[in-house]
Amino acid sequence: MLFQHVAIAGLAHVDAPRKLTTEEINARLKPTLDRLGIKVDVLQNIAGVRERRLWDGEVKPSEAATLAGVKALADAGVDADRIGLLVNTSVSRDYLEPSTASIVAGNLRLGENCQNFDVANACLAFINGMDIAGRMIERGEIDYALVVDGETANKAYEKTLDRLSRADVTESQLRDEMATLTLGSGAAAMVLARAELAPGAPRYRGGVTRSATEWNHLCVGDLHHDRMVADGRMLMIEGLKLGQKTFTAARAALGWAVEELDEFVIHQVSRAHTQAFLKAFGIDPNKVMTIFGEHGNIGPASVPIVLSKLREMGRLKKGNRVALLGIGSGLNCSMAEVVW
């Protein structure tokens, strides 16, 4: 779906305040690593994650998303009662029900006419939320939409580190759960608007999506155990194949040529995945801001957080074409464009 009348009126991110370094994790797991004879620092030397962010104390996903939502509304200069749609896109949820979106909407005191719901699609959900909001705005159903995401990895770290510290843990179990230890916490929010209500604001052109759901078993998040089990090798192989199909579709729909795009905002899992992605598409590394080294994999919040940080740095100039690229467990892939 391509849009003619959708703009990004507001954008914000919130970094979780507490740093957890890979050195701290390795020290906690040293007895297990020594017993299994593992000397390679997978998290730091291969994944490239030196540290990740966690919240201080018990912070619910809705609370993190609300923090970002308040900032995005203020950035847009839009009153809460003008929002016609709220989409929460986080992997982390407060409860099975009610929806986390309903809690965020209540926190923000959005109006009774504001539709609100959660969208779950692993690390791709924020781009999906942008697409849903863009379609409603394009059709004239609403004037403004708020897409939010709040990720909380604290409990996953507590349970995973406890589990991997047991005397009976195997090398296979350690390998399968290593991806959990690359996760990070953070929050992001975006206000989308009818373009004429936000003159001069960046335009959201829309994008394309492709799927390869025969690979839905490659990364599985377990709510009961607060862990993620992933086959990193096959995820990279099949994810790149799907990415190439999606990029071909984006080239046709959006007129993409790699050298003509000014910035690439990529969902970041690790150093290995990012480097493989750039190589596959011939992307100039200077056009890619990476945050996985300091923040880890923040799930769906990763793309909007990087976009917000790029703006904060002054790196986005008027007229810049910005590619948003995401691949999520399932497998699903979306590629979209913002014209700054």
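Predicted model, so just to flag it, every value in this text is computed and none were measured. The first residue of the sequence shown is numbered 1, and numbering continues consecutively from there.
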Hydrophobic side-chain clustering at under 4.5 Å (ILVMFWY, transitive links): who's grouped with Y95? Put none if nobody. I103
Contacts satisfying salt bridge (charged side-chain N to carboxylate O under 4.0 Å, His left out) that involve residues 101-110 (not counting sequence neighbours) are none
Among all residues two or more places apart in sequence or in another chain, which pass the side-chain contact (heavy atoms from CB on, under 4.5 Å) test with L197? D143, Y144, R194
Short side-chain donor-acceptor distance under 3.5 Å, T180 and E177: no
Counting only pairs under 3.5 Å, give me each side-chain donor-acceptor contact of residues 5-19, with atom names and distances, residues two or more places apart or in other chains.
| residue | atom | partner | partner atom | Å |
| --- | --- | --- | --- | --- |
| H13 | ND1 | S308 | OG | 2.7 |
| D15 | OD1 | K309 | NZ | 3.4 |
| D15 | OD2 | K309 | NZ | 2.9 |

Just to verify, what does E263 make a side-chain hydrogen bond (donor to acceptor under 3.5 Å, both in side chains) with, not counting sequence neighbours? R315
Taking side-chain contact (heavy atoms from CB on, under 4.5 Å) as the definition, give me every residue that meets it alongside A153, ordered by chain and number, with sequence neighbours left out. L54, Y157, L183, S185
Using a cut-off of 6.0 Å, state whether more than 12 heavy atoms not belonging to K245 lie near its atom NZ. no
For I237, check side-chain contact (heavy atoms from CB on, under 4.5 Å) against everything at least two apart and list the hits. R233, M234, K241
Basic-acidic side-chain contact under 4.0 Å: R93, D118: yes
Would a hydrophobic clustering, with Ile, Leu, Val, Met, Phe, Trp and Tyr connected at side-chain separations under 4.5 Å, put I266 with L324? no
Those residues that, when tested against W55, pass ring pair (Phe, Tyr, Trp, His ring centres under 6.0 Å) (two or more places apart): none
Contacts of type ring pair (Phe, Tyr, Trp, His ring centres under 6.0 Å), residue F281, not counting sequence neighbours: F247, F277
Listed partners of K30 passing side-chain hydrogen bond (donor to acceptor under 3.5 Å, both in side chains), at least two apart: D34
More than 12 heavy atoms from other groups under 6.0 Å of CD on E214: yes
Show which side-chain atoms of residues 327-340 pair as donor or acceptor with protein atoms under 3.5 Å away, not counting sequence neighbours.
| residue | atom | partner | partner atom | Å |
| --- | --- | --- | --- | --- |
| N332 | ND2 | N121 | OD1 | 3.3 |
| S334 | OG | T209 | OG1 | 2.6 |
| E337 | OE1 | R205 | NH1 | 3.0 |
| E337 | OE1 | W256 | NE1 | 2.7 |
| E337 | OE1 | R321 | NH2 | 3.2 |
| E337 | OE2 | R205 | NH1 | 3.4 |
| E337 | OE2 | R321 | NE | 2.8 |

Checking R271 now: which residues fulfil side-chain contact (heavy atoms from CB on, under 4.5 Å) with it, not counting sequence neighbours? Q275, F292
